[in-house]
There are 2 protein chains.
Amino acid sequence: MTRPLRADARRNVEAIIGAATRLLATDPDASINDIAAAAGVGRVTLYGHFENRAALLDVVTERAIAQTESALAEIDLEGDPRDALGRVLEASWHLTHRFGALVVAAEHALPPDALRRAHVGPAARVIGLLERGRDSGAFRSDQPVTWQVSTIQAILHAASAAVHRGEITADEAPTLVRDTALGALAASTPRR
Amino acid sequence: MTRPLRADARRNVEAIIGAATRLLATDPDASINDIAAAAGVGRVTLYGHFENRAALLDVVTERAIAQTESALAEIDLEGDPRDALGRVLEASWHLTHRFGALVVAAEHALPPDALRRAHVGPAARVIGLLERGRDSGAFRSDQPVTWQVSTIQAILHAASAAVHRGEITADEAPTLVRDTALGALAASTPRR
DNA sequence: ACCTACTCGTACATCGACGTCCACATTAGC
DNA sequence: GCTAATGTGGACGTCGATGTACGAGTAGGT
């Protein structure tokens with residue numbers, strides 16, 4: 001029943017989603033005003049396409065999740081768990097850096113169940129991989145898997161923040177993330 | 001020139017600072033209202049003691065920094081760098097968990113230079129220790145020290161968040177933090 | 001016991017962000 | 001080129017948080 005949007009309307013919707021993603025990735029408290037302005041669109045126009053700030057956030061996170069899913073789905077999880085995790089980390093780094101604080105914005109405004117969905121998907125992949133690596137002795141198994149997942153996420157966000165602070169460059173970030181996370185997960189090394 | 005505060009006034013000030021610390025540690029956006037209520041004090045009374053939200057934040061973070069400094073100052077930094085860092089991590093964990101999101105609140109409301117001071121102090125200790133460990137081959141030296149500091153902080157905050165989410169208990173957190181951070185910093189292990 | 005310092009509650013002004021309404025301009029699509 | 005669909009800016013009402021003002025209690029110190 002809903003007729004297809006007119007061309008310019010579609011363009012604006014895209015611009016708004018894009019701008020929202022970009023802004024919220026760095027400032028989770030960006031106002032609707034800022035977003036509309038960044039999209040080159042009147043605030044009222046934004047409200048024409050999205051009921052709420054919440055509705056907008058919903059679409060934006062939906063997109064982000066979809067992109068994340070599809071990016072991660074392409075990754076080969078077979079082979080040496082360390083190498084596979086390295087690949088996942090590299091991809092995750094790019095996603096984290098792109099979406100950054102969007103998570104924070106979502107946490108503030110979205111119902112908890114929507115967040116579960118967002119987290120469970122990507123996490124499941126990592127968990128499976130971690131468990132395989134633990135069984136094969138590649139990763140340490142003296143810590144809860146959920147904690148190890150949290151560690152990985154923490155490192156990813158730390159890298160994103162460090163880049164924004166200018167402490168490290170976006171180029172070196174993937175390697176740092178990879179090395180650090182793999183080190184944190186490595187089966188414990190006998191000293192000496 | 002300022003006469004000493006009356007006893008009840010002093011008590012209230014302490015209650016306010018305490019409540020503010022407790023609330024802001026979990027919700028950096030806690031309102032003045034919430035804080036006053038949690039302190040068992042009228043909102044107006046709070047304003048009697050603190051000009052601003054900023055002024056309150058200032059005192060609270062000042063306290064937090066002081067406590068942090070004195071807690072860390074007691075730690076023996078000599079001996080095996082790994083062991084020493086372990087001690088620092090354990091203490092830092094307690095501090096991080098106590099103060100948690102207070103950092104976020106401070107970042108939002110305080111002038112940047114005040115933040116520098118807060119960060120530089122504790123960081124300097126860790127940096128010194130890291131550098132010693134790098135020289136002695138205990139820690140990997142293929143990453144910027146600042147990044148390693150960021151990693152440690154990230155792990156600390158991750159642990160605090162994980163405890164709040166109920167994923168891990170406050171009891172197991174120190175060990176997890178210690179093991180994970182030391183793993184992340186370990187001189188790279190030759191595979192196999 | 002008394003004065004003073006402090007507290008309390010309520011009411012009020014301000015501010016910024018959100019969301020809505022309206023009248024008018026513009027553009028897409030046929 | 002005409003018409004319906006969209007876009008635009010401005011004005012307006014609401015809401016929650018901040019900060020201030022006042023009058024009346026209440027607890028501390030001497």
Side-chain angles (χ1 to χ4, degrees), chain A residues 1-24 26-61 101-102 104-111, chain B residues 1-24 26-61 101-102 104-111:
Chain A
M1 211 72 288
T2 48
R3 336 186 348 160
L5 280 179
R6 227 173 59 179
D8 55 347
R10 245 176 304 134
R11 247 179 303 153
N12 280 335
V13 171
E14 288 309 313
I16 291 171
I17 295 179
T21 307
R22 227 173 320 115
L23 285 200
L24 293 175
T26 50
D27 176 13
D29 297 325
S31 73
I32 294 277
N33 226 330
D34 299 336
I35 296 174
V41 146
R43 197 166 59 96
V44 192
T45 304
L46 191 153
Y47 280 111
H49 294 297
F50 303 94
E51 287 247 346
N52 280 339
R53 177 189 184 82
L56 174 56
L57 269 217
D58 202 39
V59 174
V60 170
T61 53
L102 204 156
V104 183
E107 274 170 2
H108 250 272
L110 258 48
Chain B
M1 211 73 292
T2 48
R3 337 185 346 160
L5 281 179
R6 224 174 58 179
D8 55 346
R10 246 178 302 134
R11 249 178 303 156
N12 280 335
V13 171
E14 287 309 313
I16 291 170
I17 296 180
T21 307
R22 227 172 322 114
L23 284 199
L24 293 174
T26 51
D27 177 13
D29 296 325
S31 74
I32 295 275
N33 227 329
D34 300 337
I35 295 175
V41 147
R43 199 166 58 95
V44 192
T45 304
L46 193 153
Y47 279 109
H49 294 296
F50 303 95
E51 286 248 345
N52 278 338
R53 177 191 184 81
L56 174 56
L57 269 216
D58 203 38
V59 174
V60 169
T61 53
L102 204 156
V104 183
E107 274 170 2
H108 250 272
L110 258 47

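In what follows, chains are A, B, ... by sequence order, proteins preceding strands, each numbered from 1.
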Would you please confirm or rule out a distance under 4.0 Å between OP1 or OP2 of D/dT6 and any side-chain N or O of A/H49?
-> no

Kindly say if B/R11 contacts the phosphate of D/dG28, meaning a side-chain N or O under 4.0 Å from OP1 or OP2.
-> yes

Tell me what A/T45 touches on the nucleic acid: a base, only sugar-phosphate, or nothing, going by heavy atoms under 4.0 Å.
->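 Result for A/T45 = base.
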
Check whether the side chain of B/R43 and the base of D/dG19 form a donor-acceptor pair under 3.5 Å.
->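 It does, because a donor-acceptor pair links the side chain of B/R43 to the base of D/dG19 below 3.5 Å.
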
Nucleotide [N], atom [atom2] - distance to [atom1] of [X] in whole Å:
{"X": "B/I35", "N": "D/dA17", "atom1": "CD1", "atom2": "P", "answer": "12 Å"}
{"X": "A/D8", "N": "C/dA28", "atom1": "CG", "atom2": "P", "answer": "6 Å"}
{"X": "A/H108", "N": "D/dG16", "atom1": "NE2", "atom2": "C1'", "answer": "15 Å"}
{"X": "B/N33", "N": "C/dG9", "atom1": "CG", "atom2": "P", "answer": "11 Å"}
{"X": "B/E14", "N": "C/dT7", "atom1": "CD", "atom2": "P", "answer": "13 Å"}

With DNA chain D as reference, determine whether A/V41 or B/S31 sits nearer its 5' end, using the nearest nucleotide of each.
-> A/V41

More 5' along DNA chain D: A/G40 or B/N52, using each one's nearest nucleotide?
-> A/G40

Take A/R53 and B/V44, find for each the nucleotide of DNA chain C with the closest heavy atom, and name the residue whose nucleotide sits nearer the 5' end.
-> B/V44

A/I32 side-chain proximity, nearest of C/dC18, C/dT27, D/dT18 =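 Out of C/dC18, C/dT27, D/dT18, the nucleotide with an atom closest to A/I32's side chain is C/dC18.
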
Check every atom of D/dT6, C/dA28, D/dT18 against the side chain of A/A7 and return the nucleotide holding the closest atom.
-> C/dA28

Result block: side-chain N/O donor-acceptor pairs under 3.5 angstrom for residues 37-54 of chain A, not counting sequence neighbours:
from	atom 1	to	atom 2	distance (Å)
A/R53	NH1	A/A30	O	2.9
A/R53	NH2	A/P28	O	3.4
A/R53	NH2	A/A30	O	3.0

Do B/I35 and B/L56 come within less than 4.5 Å of each other through their side chains, counting heavy atoms only?
-> yes

Taking all non-hydrogen atoms of both residues, which atom of A/A106 and which atom of A/T61 are closest, and how far apart?
->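 Scanning both residues, the minimum pair turns out to be CB-CG2, 3.7 Å.
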
